[in-house]
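One-based numbering along the sequence shown. In listed order, ligands and their atoms are each counted from 1. The structure displayed is predicted, hence computed values, not measured ones.
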Amino acid sequence: MTAPLDPRGGGVDLNIWLGRDAETDHDDPAFARLAGALVRVQEVVSGARPPPGLSTEAATTLGRVADQLEPYDVDEAAQVAGRQFRHFSRGQTLLPAVAVDTYDGQRVDGRVTFGRFYLGSNGAVHGGAISLLFDDLLGQVANGPDAPRARTAYLHVNFHRITPIGVELSCHAGIRTVEGRKVHIDGELCHGEEVVASAEGLFVRLEAHQL
Ligand SMILES: CCCCCCCCCCCC(=O)SCCNC(=O)CCNC(=O)[C@H](O)C(C)(C)COP(=O)(O)OP(=O)(O)OC[C@H]1O[C@@H](n2cnc3c(N)ncnc32)[C@H](O)[C@@H]1OP(=O)(O)O
């Protein structure tokens, strides 16, 4: 395991716990910086109400950036987004960053803060963003070290309470059972002592022809 990379201090990204940061084929620190800048733009735009002139100017600037990047389109094998394993959320700008505190191969405990980008309404995190968090967190536990690759067959999410944005929450996932190719994993998202959402997922291990 390498040094903690959590910008808030403490904890590391689960990919680092899983040793994926040793996969350097697609390492691209400059791209990871670009992804981080985009995450910041997403966050700031979501919470901003700029004057129309500034919105127009910013839209033109962003359009220019997209025009610059578009010629560098590559296929999935060469793509670097989602493969920056030394960086939080691996350069996948949709994912909320999870700082992992403990992981033992069966269970993970970490922390996540959903910013304005993830607001549904009324101060609550969008339910789809919570499902995304669970799919990725439980999915990473299913795809642990030395385990065969697995895909989500189903993900059942319960929303028990409003999940607040801008607050550090704890998140947890653990393997309940493994039956042949089927891995059942449970997850919880907590605000303090209160469970605000929970999930139960079935991950099916892939056969050779499905990889
Ligand atoms: C880059 C590094 C980062 C890696 C880190 C990655 C972390 C992110 C992880 C995100 C994961 C995703 O979002 S994956 C993307 C979303 N998921 C998908 O696209 C999956 C689409 N579905 C499929 O591909 C398929 O349905 C599979 C692979 C899930 C299963 O198909 P299959 O392989 O043909 O298996 P099949 O025989 O049907 O089922 C095997 C057993 O599972 C049961 N089973 C299958 N589906 C279900 C179901 N929905 N509900 C109940 N049970 C089910 C069957 O009854 C059977 O039980 P029995 O008869 O044996 O008892």
Side-chain angles (χ1 to χ4, degrees), residues 1-2 5-6 11-29 31-32 34-36 39 74-112 114 117-118 125-159 171-189 197-211:
M1 194 179 77
T2 48
L5 296 179
D6 182 3
V12 296
D13 185 90
L14 184 54
N15 283 289
I16 295 172
W17 277 100
L18 293 172
R20 291 200 185 112
D21 59 327
E23 294 174 31
T24 54
D25 291 3
H26 292 77
D27 247 13
D28 188 337
F31 179 87
L34 167 61
V39 165
V74 291
D75 62 16
E76 185 180 335
Q79 180 181 316
V80 289
R83 292 182 173 144
Q84 298 309 303
F85 297 122
R86 292 184 49 75
H87 296 269
F88 272 82
S89 308
R90 50 186 190 271
Q92 216 286 18
T93 57
L94 187 61
L95 289 174
V98 173
V100 171
D101 295 312
T102 60
Y103 171 68
D104 65 4
Q106 297 286 306
R107 181 185 165 85
V108 62
D109 300 289
R111 291 165 288 124
V112 62
F114 290 94
F117 179 60
Y118 297 103
V125 177
H126 195 293
I130 294 170
S131 303
L132 171 68
L133 168 79
F134 279 133
D135 191 31
D136 202 73
L137 191 66
L138 275 57
Q140 294 226 38
V141 171
N143 286 278
D146 308 322
R149 274 297 183 89
R151 271 191 216 135
T152 322
Y154 69 71
L155 181 69
H156 183 137
V157 180
N158 293 306
F159 303 98
C171 53
H172 315 270
I175 295 176
R176 180 168 20 101
T177 56
V178 180
E179 302 164 41
R181 296 171 58 210
K182 296 188 289 187
V183 186
H184 290 271
I185 304 187
D186 299 322
E188 280 186 346
L189 182 63
S198 62
E200 190 236 318
L202 171 63
F203 293 80
V204 175
R205 290 179 169 162
L206 301 181
E207 293 179 327
H209 71 275
Q210 295 172 310
L211 293 169

Which residue owns the protein heavy atom closest to [atom], what's the atom, and how far is it?
{"atom": "atom 18 (C) of ligand 1", "answer": "Thr152 O, 3.6 Å"}
{"atom": "atom 54 (C) of ligand 1", "answer": "Lys182 CD, 4.7 Å"}
{"atom": "atom 52 (N) of ligand 1", "answer": "Leu202 CD2, 3.4 Å"}
{"atom": "atom 2 (C) of ligand 1", "answer": "Arg149 NH2, 3.5 Å"}
{"atom": "atom 28 (C) of ligand 1", "answer": "Leu206 CD2, 3.7 Å"}
{"atom": "atom 5 (C) of ligand 1", "answer": "Arg20 NH1, 3.8 Å"}
{"atom": "atom 25 (C) of ligand 1", "answer": "Arg151 NH1, 5.0 Å"}
{"atom": "atom 27 (C) of ligand 1", "answer": "Val204 CB, 4.5 Å"}

Taking the side chain as every heavy atom from C-beta outward, state whether [X] and [Y] have any atom pair closer than 4.5 Å.
{"X": "Val108", "Y": "Leu137", "value": "yes"}
{"X": "Arg90", "Y": "Asp136", "value": "yes"}
{"X": "Phe203", "Y": "Val141", "value": "no"}
{"X": "Glu23", "Y": "Arg83", "value": "no"}

N/O to N/O below 3.5 Å, does that happen between Asp135 and ligand 1?
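Asp135 vs ligand 1: N/O contact under 3.5 Å present.
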May I ask you to check if ligand 1 and Arg181 share an N or O to N or O distance below 3.5 Å?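 So ligand 1 has an N or O lying under 3.5 Å from an N or O of Arg181.
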Please check if the side chain of [X] supplies one atom and the backbone of [Y] the other of a donor-acceptor pair under 3.5 Å.
{"X": "His26", "Y": "Ala77", "answer": "yes"}
{"X": "Gln92", "Y": "Ser89", "answer": "no"}
{"X": "Tyr118", "Y": "Gly128", "answer": "no"}

Measure from [atom] to the protein's non-hydrogen atoms and state whether any distance is below 4.0 Å.
{"atom": "atom 50 (N) of ligand 1", "result": "yes"}
{"atom": "atom 59 (O) of ligand 1", "result": "no"}
{"atom": "atom 22 (N) of ligand 1", "result": "no"}
{"atom": "atom 39 (O) of ligand 1", "result": "no"}

Between Leu138 and Ala173, the two heavy atoms sitting closest are CD1-CB, 3.6 Å
Open item on the list: Among Ala153, Gly144, Ala142, which one puts a heavy atom closest to atom 46 (N) of ligand 1?
Closed with: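 When every heavy atom of Ala153, Gly144, Ala142 is considered, Ala153 comes closest to atom 46 (N) of ligand 1.
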Check your understanding: Which atoms of ligand 1 sit under 4.0 Å from any heavy atom of Tyr154?
Key ->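 What qualifies from ligand 1 is 48 (C), 49 (N), 50 (N), 51 (C).
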For this session: Could you list which atoms of ligand 1 come closer than 4.0 Å to a heavy atom of Gln140?
Result: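 By the 4.0 Å cutoff, the relevant atoms are 7 (C).
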Can you list everything that forms a salt bridge (charged side-chain N to carboxylate O under 4.0 Å, His left out) with Glu76? Sequence neighbours excluded, please.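 Listed in chain order: nothing, the list is empty.
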* Using a distance-only test with no angle check, is there a side-chain donor-acceptor pair under 3.5 angstrom linking His184 and Asp186? ->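 No, no side-chain donor-acceptor pair sits under 3.5 Å.
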Residue pairs passing the side chain to side chain donor-acceptor pair (under 3.5 Å) test with at least one member in residues 143-152, sequence neighbours excluded, are Asp135-Thr152
Practice prompt. Assess Arg83 for proximity to ligand 1: is some non-hydrogen atom of it under 4.0 Å away?
Written response: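 Per 4.0 Å heavy-atom rule, Arg83 does not contact ligand 1.
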